[in-house]
Number of protein chains: 2
Amino acid sequence: MTQKLSDRKRKILKAVVDEYILSPIPVSSSEIKNKYFADISSATIRVELATLEDMGYLIQPHTSAGRIPSSRAYRFYVKNFIGKKSLRKNEMLIIDESFQKKYTDIEDIVRASVKVISDITNYTSVIVIDNINDVLIKEIKLVGLEAHTALLIIITDSGIIKDHVIQLNNIISPNFLSDANILLNRVFAGSILGDLSINTIIIENELNEFKELLGYVVEIIKSYSFGNENSVFIEGQKKMLDYPDATLEQAKRALNVLENKELLADIFSGQADDLEFSIRVGKHETCGLEKCAIMTARYRVNGKEVGTAGVIGPERMDYSKVMSVLSYVGKAVGTFIKNEFSDEEER
Amino acid sequence: MTQKLSDRKRKILKAVVDEYILSPIPVSSSEIKNKYFADISSATIRVELATLEDMGYLIQPHTSAGRIPSSRAYRFYVKNFIGKKSLRKNEMLIIDESFQKKYTDIEDIVRASVKVISDITNYTSVIVIDNINDVLIKEIKLVGLEAHTALLIIITDSGIIKDHVIQLNNIISPNFLSDANILLNRVFAGSILGDLSINTIIIENELNEFKELLGYVVEIIKSYSFGNENSVFIEGQKKMLDYPDATLEQAKRALNVLENKELLADIFSGQADDLEFSIRVGKHETCGLEKCAIMTARYRVNGKEVGTAGVIGPERMDYSKVMSVLSYVGKAVGTFIKNEFSDEEER
DNA sequence: AACTAGCACTCATATCGCATGACTGCTAAC
DNA sequence: GTTAGCAGTCATGCGATATGAGTGCTAGTT
């Protein structure tokens with residue numbers, strides 16, 4: 001069914017997409033002739049365009065208009081023509097600088113990443129942290145703060161540190177603390193966040209004194225292993241409004257999607273499992289992002305994949321640039337983490 | 001200059017504003033007659049309207065249109081006619097429920113507040129936490145996590161607990177920790193976040209071993225005492241697009257303002273110092289929120305004022321409802337905190 | 001002096017027709 | 001296979017016209 005495209009057809013298709021990305025007005029045959037094919041006539045190009053339209057790559061908004069690429073054309077384009085292009089020096093500088101600070105928390109790093117990606121690409125950027133089911137709990141600490149208040153600190157193998165203030169009915173005495181710390185580590189240390197059913201059973205057998213505490217801890221750990229909305233980071237929502245073809249209605253719908261973090265998590269996670277990048281153009285009918293392209297890459301911290309970073313933009317987005325930015329930020333985060341969390345020498 | 005309004009003028013002005021808030025189309029004399037003044041003729045009302053227009057309270061978009069309220073009219077309206085109105089049962093329920101969970105952190109409480117305010121009012125909601133210059137540091141704890149990683153916990157008098165992961169070059173030994181804890185509390189405990197100049201000097205005199213640590217701590221505390229962007233919480237940005245008169249351009253400008261957290265902090269803080277509520281209509285020329293009204297109330301946690309909560313909406317917003325919501329949420333947060341952080345009996 | 005009926009006037013909005021011009025598709029010749 | 005040339009299509013813009021909502025004003029009434 002899908003025939004191979006001739007070389008000239010490929011060139012013409014690329015020309016249409018390039019032009020349309022440059023400025024989103026339907027591309028005419030003469031425009032293509034002038035800028036790309038001085039040697040053949042516009043009539044010939046028209047014939048080719050007509051075939052490309054028949055094949056589903058191009059769309060004519062109306063009879064006397066030029067052609068615009070279909071989602072299919074973008075997919076072809078993405079598959080065949082794009083690759084990283086090097087960023088401008090000052091762009092690289094900005095990225096580097098945004099990781100210059102001493103970050104203390106993985107959340108801060110993610111926030112910085114999502115922000116810089118959006119800033120440089122000028123598209124809405126999203127990072128979804130995976131359900132961290134396969135993360136190992138290295139250690140748990142309980143620190144007393146006030147009579148009934150304590151801080152629970154969870155340290156995982158990938159350097160992710162999370163803490164929660166909790167309120168207990170018991171008076172939190174030094175004895176209680178030291179017992180609790182021993183107990184917590186006996187129960188949870190070395191286990192994987194994923195399977196809590198076992199732990200839940202264990203609780204039943206423990207002393208009454210610690211039941212409340214253990215209940216909280218299980219609840220907290222659970223909230224990490226299920227996709228909770230804290231694990232979706234967005235930046236630059238309003239850039240969705242900048243697509244020149246956006247009407248207010250569409251914009252509202254798109255922003256609605258962005259507020260639905262569960263949906264976003266669905267869209268972003270489970271992508272690009274083996275590939276470095278995943279690009280989807282169109283085909284988001286289900287979720288209200290009809291005319292969008294989504295480009296994602298795995299997001300690694302400390303060498304470990306922790307989530308998916310990506311960009312939502314118009315189909316006519318600057319794919320190469322986005323790809324480069326995602327790649328460069330990924331590298332910056334990688335080396336940054338290395339310096340922070342481990343003791344290897346600087347490169 | 002500003003003459004007292006006759007009773008009938010006040011009634012008519014209120015009618016115009018009420019009608020316009022109900023649905024934003026210019027209000028005609030006959031409409032007012034039908035709904036509010038069965039006993040006088042539309043011609044008479046027209047005369048009154050003309051005077052009100054001369055006085056600057058009303059605007060005629062064009063000759064053959066009805067009148068719409070000016071910012072001045074809204075201000076008059078707000079000053080004279082509004083008060084809390086009781087919320088619907090299910091609205092109160094939603095608010096109560098959103099504070100049902102065991103919150104652990106002041107940030108969580110604020111996030112829940114700003115979200116529920118936006119949800120119920122259907123306007124963009126903002127909470128700005130004050131520069132907490134006058135907060136007392138009750139205690140500081142340093143907990144070792146890994147060889148070079150520690151968690152710094154700051155406990156303040158109002159139950160606000162903040163923590164930060166920090167990386168040190170020193171190996172964090174038990175000895176180092178206990179010395180550091182004593183040192184930190186000697187230097188910082190009991191002092192007010194506001195004046196750090198003294199502390200900065202103190203550092204100079206300390207042992208080399210702790211210089212790095214103390215430097216971080218000062219830096220962290222500083223980041224709280226200056227208005228940092230973490231202290232601005234926003235929810236429901238996209239609701240700005242729902243004002244029926246909003247064009248895409250205006251919407252973009254407004255959303256731009258929302259992304260500028262420093263500006264937002266400026267707009268919101270320093271308001272309503274003694275008043276329970278502050279309402280500003282129009283007069284935001286400087287900041288790109290020309291046609292907006294902003295209503296704010298002091299935001300209290302644990303009885304202590306910690307910031308300002310408010311709503312940004314169209315001039316024709318439902319002032320009474322917003323006022324009620326702010327008030328009700330304030331009460332909910334108050335009682336919630338009471339139960340959580342102190343030991344007084346339930347009411 | 002306040003009110004009101006009635007009429008003339010204004011002006012935003014909608015609709016229609018028409019001219020324009022940017023492109024295309026097609027045909028016939030190369 | 002390519003191309004010149006021409007007829008056909010259709011979005012866009014503009015002006016003219018009709019409509020009607022709503023006012024301001026005047027003159028007469030209470």
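Reminder, nothing fancy here: chain letters follow the sequence lines and each chain counts from 1.
- The side chain to side chain donor-acceptor pair (under 3.5 Å) test applied to A/S6 returns no partner, not counting sequence neighbours.
- Remark: A/E48 engages A/R8, A/K9 in a salt bridge (charged side-chain N to carboxylate O under 4.0 Å, His left out) (not counting sequence neighbours).
- Within the structure, salt bridge (Lys or Arg N to Asp or Glu O under 4.0 Å) pairs that include any residue of residues 319-330 of chain B comprise B/E91-B/K321 (at least two apart or interchain).
- Pairs passing the salt bridge (Lys or Arg N to Asp or Glu O under 4.0 Å) check and including a residue from residues 50-63 of chain B, sequence neighbours excluded, read B/E53-B/R67.
- A/Y77 meets the ring-ring contact (aromatic ring centres under 6.0 Å, His included) test with A/F81; sequence neighbours excluded.
- The distance between atom CD1 of A/I45 and atom P of C/dG25, rounded to the nearest whole Å, is 13 Å.
- Within the structure, a side-chain polar atom (N or O) of B/T63 is placed less than 4.0 Å from OP1 or OP2 of C/dC11.
- Listed by chain and number, the residues in a salt bridge (charged side-chain N to carboxylate O under 4.0 Å, His left out) with A/D18 are A/K14 (sequence neighbours excluded).
- Protein atom CZ of B/R8 is 4 Å distant from nucleotide atom P of C/dC3, rounded to whole Å.
- Under the rule for a salt bridge (charged side-chain N to carboxylate O under 4.0 Å, His left out), A/E235 has no partner lying at least two apart in sequence or in another chain.
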Practice task
Could you walk me through whether A/V116 and A/Y328 pass the side-chain contact (heavy atoms from CB on, under 4.5 Å) test, one step at a time?
Solution key: CA-CA 11 Å; A/V116 78; A/Y328 194 88; over 6 Å; no

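- Within 4.0 Å of B/S29, counting heavy atoms only, lie sugar-phosphate atoms of the nucleic acid but no base atom.
- Summarising the geometry, the separation between CD1 on A/I68 and P on C/dT24 is reported as 13 Å, rounded to the nearest angstrom.
- A cation-pi arrangement is found for A/K11 relative to A/F37, the charged atom lying closer than 6.0 Å to the ring centre and inside a 45° cone about the ring normal.
- Separating the CG atom of A/N34 from the C1' atom of C/dC23 is a distance of 14 Å, rounded to the nearest angstrom.
- Of all nucleotides in DNA chain D, those with any atom nearer than 4.0 Å to a heavy atom of chain A start and finish, going 5' to 3', at D/dT2 to D/dA11.
- Between B/S64 and C/dC9 there is no side-chain polar atom (N or O) within less than 4.0 angstrom of OP1 or OP2.
- Straight-line distance from the CD1 atom of B/I40 to the P atom of C/dA2: 14 Å, rounded to whole Å.
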Got a list of protein N/O to nucleotides 5-7 of chain C N/O distances below 3.5 Å?
| residue | atom | partner | partner atom | Å |
| --- | --- | --- | --- | --- |
| C/dG6 | O6 | B/R46 | NH2 | 3.4 |

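- When heavy atoms are screened at a 4.0 angstrom cut-off, B/S28 is found touching the sugar-phosphate backbone but no base atom.
- At whole-Å resolution of the value, NE2 in A/H62 and P in C/dG25 are 12 Å apart.
- With sequence neighbours left out, A/K238 forms a salt bridge (charged side-chain N to carboxylate O under 4.0 Å, His left out) with no residue at all.
- Helix-axis bend for the helix from C/dA1-D/dT30 to C/dC30-D/dG1: the local axis fitted to the five terminal pairs at one end deviates from that at the other end by 20°, rounded to 10°.
- Remark: B/Q60 pairs with no residue by the side chain to side chain donor-acceptor pair (under 3.5 Å) rule, at least two apart or across chains.
- The separation between B/D39 atom CG and C/dA2 atom P is 17 Å, rounded to whole Å.
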